[in-house]
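Structure first, then comments.
A quick note: this is a predicted structure, and the numbers were derived from the prediction, not measured.
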Amino acid sequence: MKKHTFLCITFYYKGVDFLRQCKKEGNTVFLLTKKKLENKPWPWESIDDVFYMENDENTPENIANIILGVAWLMRKHKIDRVVALDDFDVEKAAAIREEFRIPGMGQTTARYFRDKLAMRIQARDAGLRVPAFSPLFNDEEINHFADSIPAPWLVKPRSEASATGIKKVYDKQQLWDVVNSLGQRRHMFLVEQFKPGDVYHVDALTVEGKMLFNWTSKYLATPFDVAHGAGIFRSMTLEHNSTDDKVLKKFNTEVMKAFGMRNSASHTEYIKCHDDGQFYFLETSARVGGAHLGIMVEAASGVNLWSEWARLESCLLRGEAYELPPIKKHYSGILISLARQKHPDMSPFNDPEVYCHIPEEHHVALIVHSEKQDRILELLDKYAAIVKEHYHASAPVPDKPSH
């Protein structure tokens, strides 16, 4: 059997299960990561070679440096697939594919999974529901937005993940103060109407343009509220076959089709607005959900998104049909909070439904699993109360993500 070579890129410590499965499939696995992550517990037995960079920026200069490095690597090793394991590496991977004509997501499609403006325009043009928004390119357009769309509004970076760098503004003057403070960087942001509502996420696997796995969950506190309100991060599986579950699965299928998704894991967020009860597209990414959401999905469904992503990429390269493992229809939930203690005592979180504790310094993090959804909510509420009283700490939200 022909050996294929994967170049996996991540400048965060993640994707361990992808790397392991990729090697298990008989591939040669190269890892490109950040120098400061070299002492992380990577699965070295599954990595054939590792390449480090000090700089992880997506500037043209840095991407040009990466391409030079890959050109040297390609002299001895034909690379068959380039996989970005983190949001911030989607541009890097797309640029490498374009330069060396490697199959996979190119730069235009990659924009729909990284650039919040590109994804909103694409969704709107496909007739999909999105909150009102405007680029910050043109003064007249900004004024028209402010005069016609009710406040409050969010000013968002186009290419940061999660709630990083988002500013909430309440009137036109405040909006212009923020726009002017951005100076020459203002084209890298957008403004969007803030619509109060509940935020949901759909974690999926797409193979040859067909949605094979489509799993819905609901945040119990939105990522924005957690980041800006010092909240406790919680999410749980939606009720299977409920109206919301069916509507979201259909919506997510339409988004992936409109964005040209072919083969990848994806994590997409939607908001169900309080004022009209409708779902609106918020943003998407061509990766497994962060904040350990992949483990939460696996606890309820039995599907490890990282491993299955590696399997489907390998099957496609070998010309084999990919088949999902059996899917369970259980429920799971996740709780993550900053903790005052460096190594919090996790013994109070000891119900039989606890699927795992996630060891992280200065964090309480755990996942619960049950065949009953109401038991998940009961446990998440109980544990949130314990965390609030004995563990919880908060830190100001950074303007830029930290590694």
Quiz item: cation-pi between K372 and Y331, 6.0 Å / 45°: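 The answer is no; the distance or angle limit is not met.
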Distance-only side-chain donor-acceptor flag, [X] / [Y], under 3.5 Å:
X    : Y    : value
D48  : T28  : no
H201 : S235 : yes
Q21  : D17  : no
S314 : N27  : yes
E269 : Y219 : yes
K92  : N58  : yes
E313 : Y322 : no

Spatial distance of atom [atom1] ([X]) from atom [atom2] ([Y]) [nearest 0.5 Å]:
X    : Y    : atom1 : atom2 : result
T10  : K34  : OG1   : NZ    : 11.0 Å
Y13  : T33  : OH    : OG1   : 10.5 Å
H330 : I376 : NE2   : CD1   : 10.5 Å
I9   : L85  : CD1   : CG    : 8.5 Å
D381 : I386 : CG    : CD1   : 11.5 Å
I66  : E57  : CD1   : CD    : 10.5 Å

Please give me the minimum heavy-atom distance between F213 and S301, naming the atom from each residue.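 Scanning both residues, the minimum pair turns out to be CZ-OG, 3.7 Å.
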Give me the atom names and distance for the closest heavy-atom approach of M346 to A365.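 Between these two residues, the closest heavy atoms are CE-O, 3.7 Å.
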Between [X] (side chain) and [Y] (backbone), is there a donor-acceptor pair under 3.5 Å?
X    : Y    : answer
Q122 : A258 : yes
T109 : G106 : no
K40  : K36  : no
R114 : D87  : yes
R124 : A132 : no
N263 : G104 : no
N62  : N55  : yes
D86  : Y12  : no
H362 : Q341 : yes
D80  : T5   : yes

Test log, rule side-chain contact (heavy atoms from CB on, under 4.5 Å), inputs L19 and C8: CA-CA 8 Å; L19 297 167; C8 301; 3.8 Å; yes
Pair W176, N143 - check side-chain hydrogen bond (donor to acceptor under 3.5 Å, both in side chains), show working. CA-CA 9 Å; W176 273 110; N143 282 325; 2.9 Å; yes
Which class fits the ring pair Y355 and H369: parallel under 30°, tilted 30 to 60°, perpendicular over 60°?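 Ring orientation, 0 to 90° scale: tilted.
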Working note: W153 + F194, criterion ring pair (Phe, Tyr, Trp, His ring centres under 6.0 Å); need CA distance, chi angles, decisive distance, verdict. CA-CA 5 Å; W153 310 301; F194 175 75; over 10 Å; no
So, [X] versus [Y], ring centres under 6.0 angstrom or not?
X    : Y    : answer
F88  : F11  : no
F145 : F133 : no
Y391 : F349 : yes
W215 : H240 : yes

Of F6, F51, F30, the residue whose pairing with H77 passes ring-ring contact (aromatic ring centres under 6.0 Å, His included):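 Among the candidates, only F30 passes.
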Among F251, Y112, Y200, F259, whose ring-ring contact (aromatic ring centres under 6.0 Å, His included) with F281 holds?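 Going through F251, Y112, Y200, F259 one by one, the ring-ring contact (aromatic ring centres under 6.0 Å, His included) with F281 is satisfied by F259 alone.
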Determine whether more than 12 heavy atoms belonging to other residues, nucleotides or ligands lie under 6.0 Å from atom CH2 of W72.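 No, the 6.0 Å shell around CH2 holds no more than 12 heavy atoms from other groups.
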I'd like to check F189 versus R158 (side-chain heavy atoms, cut-off strictly below 4.5 Å). Are they in contact?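 A side-chain contact is absent here, since even the closest heavy-atom pair is not under 4.5 Å.
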Are E192 and K195 within salt-bridge range, i.e. N to O under 4.0 Å?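 Result for this pair is no, no salt bridge flagged.
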Run through T237, D245, D244 and flag the one making a side chain to side chain donor-acceptor pair (under 3.5 Å) with T216.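 When side chain to side chain donor-acceptor pair (under 3.5 Å) is applied between T216 and each of T237, D245, D244, only D245 qualifies.
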